[in-house]
Amino acid sequence: MMKKGQEEIVGFIMVVVLVVVILLIFLGLNIRSGDNPILQDSVKARQFLESSMEFTTDCAIGYIPAYARIGEVIRECSRGGRCVDGRSSCEVLNTSISGLVDAGFNIGEDNPIKGFRFRSYYSSNSSNSEEDIIELSRGQCNNSLTGSEYLIPAFPGRIVTSVELCS
Amino acid sequence: MKNYLVSCSKGQMKVQQMAFVLVALVIFFVIIGLFFLSISLSSLKNSAQEIREKDVLESIKRVTSIPEFAWTIDDCASCIDMDKAMAFKGRASYVGFWDYSFFRIEKVYPIESGGECTLYNYPECNTLTLINKSIIPDSKSAFVSLCRYEPEEGYYKCELGKVIIAGEAI
């Protein structure tokens with residue numbers, strides 16, 4: 001037979017345990033979402049990628065004036081190709097992407113977009129392997145990510161280009 | 001009389017204790033509820049924002065895909081023929097064609113220093129304003145590719161741009 005005081009202590013402990021369990025659940029959820037930020041599809045990022053892929057660079061491939069678009073330069077960079085003037089296609093890609101992102105988005109600590117990540121990689125259909133072509137990032141990336149992907153066919157696989165905007 | 005008062009105050013104490021615990025529990029669950037509500041509302045806001053962005057994109061795509069603007073050299077849904085857009089500017093037959101109060105095509109990259117496009121400075125210019133009835137702060141924009149023929153070297157060149165529209169028709 002329990003005394004009244006003991007009953008109250010048991011009740012109090014149960015309430016404390018309940019509170020602690022609920023707090024732990026929230027904490028766990030927060031930590032998990034911190035480890036794996038969820039990438040939400042962004043219309044703006046998709047528009048940016050689609051339009052950027054059509055951007056004509058100053059890298060002529062084969063002959064002048066066959067100036068390649070970003071999509072073609074990415075493909076050329078994955079093959080280790082060079083422009084007619086001798087520059088590396090990856091170098092041109094790097095410069096062009098930096099310029100496009102800087103001009104397209106106001107990235108900075110005081111702006112809504114704190115950072116960005118641009119990645120292009122070759123993905124083989126058969127081996128599920130990924131080979132990086134270009135990776136650029138700038139600023140700070142917290143949990144909130146929005147972005148989009150653009151696919152370029154490159155037999156026997158594909159080139160996946162993604163842009164992630166961090167807020 | 002004294003015994004009655006003592007037992008009554010003990011009972012009151014018990015009731016008070018229980019009431020405090022109940023109030024604390026209610027406050028706790030209300031906070032939890034508010035937390036969930038804020039999370040669900042923020043996701044609702046995100047989806048509303050996404051739908052609005054998609055709507056804007058659709059209306060801008062509708063505008064840019066008309067034959068007067070469409071880039072037909074290759075298959076590109078996000079491309080605008082800047083030469084056509086330039087020819088479109090100031091055409092009297094197209095006055096009142098759209099219900100927009102503001103319509104501007106802006107070059108984003110590479111940035112030129114020419115300002116507004118005219119027949120004299122094109123293509124070394126930055127913006128092409130087609131409608132400018134009033135500037136509404138709630139204007140919408142979408143990235144596009146601005147393509148044109150480069151006559152000096154004889155190739156087709158595309159640059160990154162933006163279409164900015166405002167008005168009740170959006």
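Letters A, B, ... mirror the listed sequences (proteins, then strands); counts begin at 1.
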Ionic contact status for R119(A) with E164(A), cut-off 4.0 Å: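 Answer for the salt bridge query: no.
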
Pick whichever of I111(B), L146(B), I32(B), V21(B) has the most heavy-atom pairs under 4.5 Å with chain A.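 Option with the greatest count: I32(B).
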
Engaged part of K107(B) at the chain A interface, taking heavy atoms whose separation is under 4.5 Å: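 Neither; nothing under 4.5 Å.
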
Can you say whether Q17(B) sits under 4.5 Å from chain A via the side chain, the backbone, both, or neither, judging by heavy atoms?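 When you check distances to chain A, only side chain atoms of Q17(B) fall under 4.5 Å.
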
K84(B) NZ/CZ over F69(B) ring centroid, <6.0 Å and within 45° of normal: no

Contact class of S96(A) relative to chain B, heavy atoms under 4.5 angstrom: backbone

Chain B contact via I70(A) - side chain, backbone, both or neither, heavy atoms under 4.5 Å: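 No part of it gets close to chain B.
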
Drop me the distance from I164(B)'s CD1 to S141(B)'s OG, to the nearest 0.5 angstrom.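 If we round to the nearest 0.5 Å, I164(B):CD1 and S141(B):OG are 6.0 Å apart.
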
Kindly indicate whether the side chain of K44(A), heavy atoms from C-beta on, has any atom under 4.5 Å from the side chain of R46(A). no

Out of M53(A), R69(A), E50(A), Q47(A), return the one with the most heavy atom pairs under 4.5 angstrom to chain B. Q47(A)

Any side-chain donor-acceptor pair under 3.5 Å between T127(B) and E106(B)? no

